[in-house]
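The next block holds one structure in the form of structure tokens; read it before the comments.
Excluded from the calculations below are hydrogen atoms, water molecules and symmetry mates; all remaining heavy atoms, backbone and side chain alike, are included. Lettering of chains follows the sequences in order, A, B, ..., and the numbering in each one begins at 1. As the structure is a computational prediction, the values presented were derived from the model and not from experiment.
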Amino acid sequence: MTNPTTLLSVSNLTKKIGKREIVHNLNFNVQPGEVYGFLGPNGAGKTTTIRMLVGLIRPTAGTIQINGYDLQRQFIPAIRQIGCIVENPELYPYLTGMENMRLFARMMKNVSQTKIDEVIRLVELDQRVHDLVKTYSLGMKQRLGIAQALLGDPKLLILDEPTNGLDPAGIRELRTFIRMLATEKGISVFVSSHILNEVQLLCDRVAIIHHGRIVKTGPVSDLIDQHPQVEWTVDEWEQAQTYFKSLPYITTIQKRAHNILRVQMPLEKIAETNAKLLQEQLHVVGIRPYQQTLEDIFLAMTGGQTDDSANL
Amino acid sequence: MIPLIYNEWLKMVRKKRIWVITLILLVLIPIFTYAQFRTIQQTVAEMGTSDWRALLQQQIIDQQNRLSSSRLPEEWRDWIKLSIQQQQYYLDHDINPTAPGAPTFVRKFIEESVSLFLPLLVVVLAADIVSSEHTAGTIKSLLTRPVQRWKVLLSKYLALLLSISVLMMITAILSYLISGVIFGYQGWNMPVLTGFQEQNGQLITSFVHLVPQWKYILMAYGLAWFTCVAVGTLSFMVSVLVRGTAASMGVMLAAVISGSLLAQLAPTWSMLKYFAFTHLRLTDYLSGKPILIEGMSLSFSILVLSVWSILAILIAFITFQRRDVLA
Amino acid sequence: MKKRRLNWTSLLFPLSALCFIVLSFGFFLSTQELFKTTDQPKSSGNVQDQGSKLQDSDLFMLGLGDSLTRGIGDKTGDGYFDQVKKTLQAEKKGTLSSVNLAISGQTSSELVKQMKQEKVQSLIKKADWITITIGGNDLFRGSGRLESIDLKSANQSKIQYEKNLHMILDTITSLNHDAVVYVFGLYNPFSDLADEKTSSALVAEWNLAIQQRAADYDRVVMVPTFDLFQLQPNAYLYSDHFHPNQAGYTRMANRLIPLLQDHPGEDTSK
């Protein structure tokens with residue numbers, strides 16, 4: 001947190017509405033130039049957290065520091081570091097794209113027409129920018145939303161579920177775009193999502209939130225590699241199960257279908273294990289590294305500790 | 001600050017509501033003009049003369065006959081008596097109070113519309129100025145800018161004041177242009193009486209004097225403007241407090257209508273004078289129309305409207321500054 | 001086209017500011033105008049207050065009859081009745097109270113009916129002075145048009161009028177034998193018109209009837225008005241050519257006041 005290069009530093013962030021605690025004691029840091037994922041199922045408190053980050057909601061406790069500025073006490077310099085889209089790209093449908101951009105530009109200091117044109121070119125909207133926003137497709141609105149978020153040359157871009165409602169092509173396009181912003185422009189991006197796959201593909205680091213608490217933060221690679229699972233389809237599954245139990249690197253074994261066993265094991269051991277099974281005269285029909293879902297991760301992280309999992 | 005006000009102004013103009021209101025005026029003013037024309041025609045036909053002195057005379061006698069009915073409540077009796085005196089004053093000084101001409105229509109139109117019609121239009125204009133941003137979600141785009149919240153709200157308020165001013169100006173211009181077709185465009189310099197005062201139920205005419213009609217119209221519109229600003233301010237507060245456009249409009253329409261009805265239904269209920277919406281008819285102080293509720297005067301009315309407005313502004317700003325934007 | 005729309009909006013912006021300034025100036029002007037006048041308080045009441053609270057110890061004057069007692073035609077709304085009251089109040093320092101029960105347009109038959117009301121009777125009992133104007137509407141039948149005077153029907157209504165007047169005065173004297181009753185005579189509002197002779201003769205006949213009725217009682221006084229409006233009707237009649245104007249009422253009041261002072265209500269004899 002005291003790291004001078006930290007761009008966004010959140011500590012002990014808590015929000016209560018009435019008696020209900022929406023968000024409990026969040027702590028995480030975003031470094032310059034990284035894409036940070038904020039992963040959690042719907043209703044986990046992602047949106048509330050993001051709204052606190054952009055000053056729409058007051059935290060009940062805790063601090064948010066953006067590039068060294070405290071969001072509560074130094075709102076203007078702090079918010080100047082940020083560009084954001086909260087939920088949908090909220091634009092004025094009865095104005096043209098350009099009018100929307102100029103309108104937002106007037107709310108900041110020193111945004112020139114050149115800058116506006118530049119960001120519009122960046123999101124490739126220059127063809128339609130003089131049309132009314134209500135005639136835009138969702139993808140175009142999304143791009144215009146990003147354009148307005150980039151107007152103030154933000155150091156941190158905050159996007160709430162940016163791929164919601166986009167088609168696969170649009171999602172891929174957005175992903176490349178965000179990557180480009182991070183690598184070429186050095187902008188940190190904070191992305192919330194409820195899709196594990198998306199975060200995996202896009203982010204460098206991730207914080208996982210569940211029931212208002214952060215259950216895990218760390219590099220995305222850690223998260224995925226920590227509990228890799230492999231599904232083995234073996235006809236003689238009972239023997240295979242007994243054999244798996246004897247292997248030291250296999251931690252958990254789950255029976256999925258009548259001949260499928262899902263085991264937690266390092267991926268690099270697959271070939272070795274397969275060879276051993278063959279030696280044991282067990283017929284391996286299929287081997288498949290299992291794509292974990294968010295639920296699996298929660299399960300894995302909280303597995304065994306029943307007390308905790310009830311809280312989560 | 002001016003760029004912010006311009007932003008809000010742009011939204012108000014491009015939301016087209018003010019043009020819808022202009023359209024309403026464009027439809028209604030010809031109707032009122034025609035109605036006024038018909039009334040004059042009919043009175044002329046009934047009297048068999050177009051001599052306004054005879055008309056005024058007849059009006060006075062009609063009023064005096066009403067006065068003689070013993071069932072008339074005392075408040076009404078006073079009211080009629082005062083207006084008889086005033087009409088008599090016009091007669092004695094050879095001043096035609098209904099002298100046709102577009103400026104006269106402009107003057108009469110504002111005097112009549114200030115109590116209900118214009119406030120309703122202002123409510124339509126103002127009731128969702130903040131709540132619509134919530135409904136559309138654009139409030140999130142608005143409040144995540146490097147601008148203090150109170151400045152955002154202030155720019156909205158000032159843009160509202162500008163729109164109200166434009167609305168009044170449009171009303172004046174349209175009523176002048178449209179009614180002039182029938183009544184002619186002359187009459188800006190016609191002398192109009194003002195300066196009537198009421199003290200302890202007495203009409204005091206010692207300050208009565210003549211002003212040119214253009215000046216009178218300017219003053220009447222100024223007073224009506226103040227009324228509309230007060231109504232707009234209250235609507236503004238409601239639009240901050242209430243989320244839905246329909247709800248905020250409903251609240252304000254109910255308040256405005258009940259205010260203007262109550263003032264006529266219960267002139268003896270003196271508590272009413274602390275209620276903002278019984279003070280909408282500020283122009284009555286100018287024209288010397290007697291005031292229904294006892295103890296009301298221009299300074300009192302302005303004070304009441306100001307107090308309500310200031311409270312509304314405080315509530316609006318404090319709420320807006322503190323509120324979490326949840327949806 | 002889009003370009004033009006944009007310019008239009010931005011042009012309207014300073015215009016709206018101009019509207020704002022003009023209207024707020026108008027408001028400022030009107031407050032100046034209206035407050036300026038309140039700065040210098042000046043007492044000038046030309047409207048009476050309809051004070052009608054009775055105080056037992058005071059002298060009490062009651063008005064009955066038609067629009068003349070009501071004061072129609074007087075731009076201040078006073079009529080002779082309130083003028084008299086004010087004059088006497090000024091002299092007697094407010095020991096006089098009054099109630100005006102006159103109804104404009106009332107005929108003698110209607111007055112008879114009105115006098116049956118309990119409230120009216122109780123007021124008659126309290127009165128020291130009672131002033132009455134009645135008969136004008138019987139005679140001119142509301143329309144106030146000379147052409148409509150039909151001599152035959154006028155004669156009939158005169159008979160009815162005499163009967164009514166008799167009943168009215170009887171009722172009053174039986175209710176209150178101390179009060180002095182002042183009955184105004186009729187005048188001819190058409191004395192400047194061509195058919196003056198017919199109308200004047202008619203009015204004279206009716207006045208004679210009033211005179212005769214009044215003579216039956218010692219406390220009933222007839223106050224003639226015919227002469228007041230005879231020569232200069234336009235100067236003393238209101239612009240409807242029927243009711244007196246303010247000056248006309250003043251003349252009537254001036255005639256009544258000395259008579260009232262002759263009989264100052266016998267003080268507090270009741």
Side-chain angles (χ1 to χ4, degrees), chain B residues 5-6 9-10 13-14 53-54 57 60-61 64-65 67-70 74 77-78 81-82 84-85 88-89 91-92 159 161-166 168-169 194-195 197 199-207 209 211 215 217-226 282-283 285-286 297-299 302, chain C residues 5-6 8-10 12-38 40-50 52 66-67 70-77 100-106 114 117 119 238-240 242-243 246:
Chain B
I5 302 171
Y6 180 76
W9 162 253
L10 180 70
V13 172
R14 298 299 296 279
R53 286 175 196 83
Q57 189 106 70
I60 293 173
I61 289 170
Q64 281 176 328
N65 282 334
L67 196 60
S68 61
S69 156
S70 49
E74 207 52 37
R77 193 184 293 279
D78 291 344
K81 261 163 118 175
L82 294 175
I84 289 175
Q85 279 180 42
Q88 191 61 50
Y89 197 102
L91 198 60
D92 294 347
L161 295 192
L162 290 182
S163 317
I164 290 174
S165 310
V166 170
M168 307 274 312
M169 212 47 111
T194 185
Q197 282 183 28
Q199 255 174 32
N200 312 322
Q202 300 194 351
L203 187 69
I204 299 183
T205 49
S206 46
F207 301 119
H209 57 283
V211 294
K215 192 179 174 194
I217 289 173
L218 183 63
M219 293 193 292
Y221 271 79
L223 289 172
W225 173 80
F226 187 80
L282 286 184
T283 50
Y285 296 110
L286 205 59
S297 64
L298 179 70
S299 38
I302 289 178
Chain C
R5 188 168 56 187
L6 200 73
W8 192 48
T9 313
S10 40
L12 268 172
F13 185 58
L15 267 180
S16 72
L18 192 70
C19 296
F20 181 93
I21 292 164
V22 168
L23 288 162
S24 49
F25 175 70
F27 175 67
F28 172 75
L29 207 64
S30 58
T31 49
Q32 286 296 102
E33 188 79 31
L34 290 166
F35 286 141
K36 162 180 84 188
T37 49
T38 43
Q40 357 159 326
K42 203 167 103 187
S43 69
S44 154
N46 51 5
V47 182
Q48 85 295 356
D49 65 332
Q50 191 82 353
S52 57
D66 55 23
S67 49
R70 190 32 80 195
I72 306 277
D74 185 342
K75 69 172 178 194
T76 64
N100 190 344
L101 290 177
I103 298 168
S104 110
Q106 185 155 258
Q114 190 195 13
Q117 293 168 20
K119 177 87 184 160
Y238 183 58
S239 32
D240 62 357
F242 190 72
H243 295 100
Q246 196 175 7

Any side-chain to backbone donor/acceptor pair from C:Q114 onto C:Q106? Under 3.5 Å, distance only. no

For B:I5, which atoms come within 4.5 Å of any heavy atom of chain C: side chain, backbone, both, or neither? both

Atom OG in B:S165, atom CG in C:L15: separation rounded to 0.5 Å? 12.0 Å

Quick one: list whatever passes side-chain contact (heavy atoms from CB on, under 4.5 Å) with C:I21, sequence neighbours left out. none

By a 4.5 Å heavy-atom criterion (distance strictly below it), what part of B:V166 contacts chain C: side chain, backbone, both, or neither? both

Heavy-atom distances under 4.5 Å only: say whether C:F28 touches chain B with side chain, backbone, both or neither. neither

Listed partners of C:F20 passing ring pair (Phe, Tyr, Trp, His ring centres under 6.0 Å), at least two apart: B:W225

